[in-house]
Amino acid sequence: MVTAIVFVKADVARIHEVAETIAALDGVSEVYSITGEHDLMAMVRVGRHDELNDVIPGRLNKVPGVLGTETHIAFRTYSQHDLEQAFALGLPNAD
């Protein structure tokens with residue numbers, strides 16, 4: 001799984017609409033409204049690196065109201081949340 005964190009600058013009058021549209025895109029697992037330089041943060045999770053091109057510049061950047069994005073690729077996940085989901089899918093337990 002490839003994870004990208006995408007910071008989004010959005011038209012202030014359309015933040016809610018932009019967030020909901022981005023959240024509905026295939027490959028986007030979550031969208032957060034955030035403080036700071038950007039308005040939203042989207043978590044993009046795909047099977048292969050080349051799929052990021054389809055999701056981010058192919059669809060996410062084209063959402064009406066998106067003014068700009070900044071993308072960061074995750075190398076490794078350290079989240080307990082992700083580990084719990086993996087075990088819920090029936091992956092073998094390390095015991």
Side-chain angles (χ1 to χ4, degrees):
M1 170 100 17
V2 180
T3 301
I5 300 97
V6 183
F7 294 96
V8 179
K9 286 191 178 227
D11 178 345
V12 175
R14 302 176 78 179
I15 290 175
H16 182 75
E17 172 190 344
V18 170
E20 287 188 343
T21 302
I22 291 172
L25 296 175
D26 286 339
V28 176
S29 61
E30 302 128 79
V31 176
Y32 300 94
S33 60
I34 59 174
T35 62
E37 186 177 333
H38 298 88
D39 302 300
L40 303 168
M41 183 181 74
M43 300 298 294
V44 176
R45 300 176 200 276
V46 293
R48 298 184 334 262
H49 278 95
D50 59 340
E51 293 176 67
L52 292 173
N53 185 60
D54 296 332
V55 178
I56 301 166
R59 293 192 301 269
L60 191 150
N61 285 354
K62 295 177 181 175
V63 169
V66 170
L67 304 178
T69 61
E70 180 179 312
T71 302
H72 299 264
I73 307 298
F75 292 123
R76 184 174 291 163
T77 301
Y78 296 95
S79 168
Q80 186 66 27
H81 173 74
D82 291 336
L83 293 175
E84 290 170 3
Q85 283 188 332
F87 289 118
L89 292 174
L91 297 177
N93 193 334
D95 293 332

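Because only heavy atoms are used, hydrogens play no part in the values below, and waters and symmetry mates are left out as well, while side chains stay in. Not measured: the values here are computed from a predicted model.
In this structure the side chain of Leu52 never reaches within 4.5 angstrom of the side chain of Thr71, judged on heavy atoms. Here the side chains of Asp54 and Arg59 are in contact, with some heavy-atom distance below 4.5 Å. Taking 4.5 Å as the limit, some side-chain heavy atom of Val8 sits within range of a side-chain heavy atom of Leu60.
Ser33 approaches Leu40 most closely through the heavy-atom pair CA-CD2, 3.8 Å. Contact between Asp26 and Val55 at its shortest, heavy atoms only, is O-CG2, 3.7 Å.
In the hydrophobic cluster analysis, where Ile, Leu, Val, Met, Phe, Trp and Tyr join through side-chain heavy atoms closer than 4.5 angstrom, Val2 is grouped together with Val31. The hydrophobic clustering, which links ILVMFWY residues whose side-chain heavy atoms are closer than 4.5 Å, places Val28 and Met41 apart.
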Identify each donor-acceptor pair in which a side-chain atom of residues 15-23 lies under 3.5 Å from a protein atom, sequence neighbours left out, and give them as a table.
{"unit_1": "His16", "atom_1": "NE2", "unit_2": "Glu20", "atom_2": "OE2", "d": "2.9"}
{"unit_1": "Glu17", "atom_1": "OE2", "unit_2": "Arg14", "atom_2": "NH2", "d": "2.9"}
{"unit_1": "Thr21", "atom_1": "OG1", "unit_2": "Glu17", "atom_2": "O", "d": "2.9"}

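In this view, Asp11 satisfies the side-chain hydrogen bond (donor to acceptor under 3.5 Å, both in side chains) rule with no residue, not counting sequence neighbours. Contacts of Leu67 classified as side-chain contact (heavy atoms from CB on, under 4.5 Å), with partners at least two apart in sequence or in another chain: Lys9. Not a single side-chain hydrogen bond (donor to acceptor under 3.5 Å, both in side chains) links His49 to another residue, sequence neighbours left out. Listed by chain and residue number, Met43, Arg45 satisfy the side-chain contact (heavy atoms from CB on, under 4.5 Å) test with Ser29 (two or more places apart in sequence, or in another chain). Listed by chain and residue number, Tyr78 satisfy the side-chain contact (heavy atoms from CB on, under 4.5 Å) test with Arg76 (two or more places apart in sequence, or in another chain).
Aromatic ring orientation, Phe7 versus His72: perpendicular (interplanar angle above 60°, classes split at 30° and 60°).
From Thr3, atom OG1 reaches atom CD1 of Ile73 across 9.0 Å, with rounding to the nearest 0.5 Å.
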